[in-house]
Amino acid sequence: MTFATYEGSRESGGPIQLYRFTYGTEASEFFAYTDHTQEVTVDHGGIIGMVAYQPVPVERDEIVSNGTLDRSSMKLGLDVSTELAELFRVYPPTMSCS
């Protein structure tokens, strides 16, 4: 199901969270997850193009805004079986994730 189809539906529409973690300089160096029960595909256009967000359980803090989100931080909890967790388990990337 694409994001536009899900978002535009009167019966299926509802808030879902999309998380994209970039860990390198290449356009393909990212992991994409959603807290939805199904895979969600989003067309980001440009270099990234279509991204399939994989369904995984995600726990997160509340989003708090003090005027700008530039320097805000939020704790996320992901299952240790995700590829992102595996990336940090053995050899963490030299660049920070964003």
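Count residues from 1 along the sequence.
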Problem - Derivation of the side-chain hydrogen bond (donor to acceptor under 3.5 Å, both in side chains) call for R20 and Y33 - result: CA-CA 6 Å; R20 186 164 50 94; Y33 302 114; over 6 Å; no
Practice task
Please tell me if the side chains of T41 and V51 come closer than 4.5 Å, counting only heavy atoms from C-beta onward.
Solution key: no
Problem - Side chain proximity check, K75 to R60, heavy atoms < 4.5 angstrom - result: no
Practice task
Kindly compute the distance separating CG (L18) from CG (D35), expressed to the nearest 0.5 Å.
Solution key: 8.0 Å
Exercise for the section: Quick one: pull up CD1 in I48 and CG in D43 and give me the separation to the nearest 0.5 Å. Expected result: 10.5 Å
Handout entry: Under the side chain to side chain donor-acceptor pair (under 3.5 Å) test, residues paired with Q17 that sit two or more places apart
Key = none
Practice task
Under the side chain to side chain donor-acceptor pair (under 3.5 Å) rule, collect the residues that match up with D79, sequence neighbours excluded.
Solution key: S81
Exercise for the section: Can you spot which of T34, L84, V56, V58 makes a side chain to side chain contact (heavy atoms under 4.5 Å, CB included) with Y19? Expected result: V58
Of all the heavy-atom pairs spanning [X] and [Y], show the shortest one and how long it is.
{"X": "R89", "Y": "E86", "value": "NH2-OE2, 2.9 Å"}
{"X": "A85", "Y": "V80", "value": "CB-O, 3.6 Å"}
{"X": "F30", "Y": "T22", "value": "CB-CA, 4.0 Å"}

Handout entry: Near-ring test F31/Y23, centroid separation under 6.0 angstrom
Key = yes
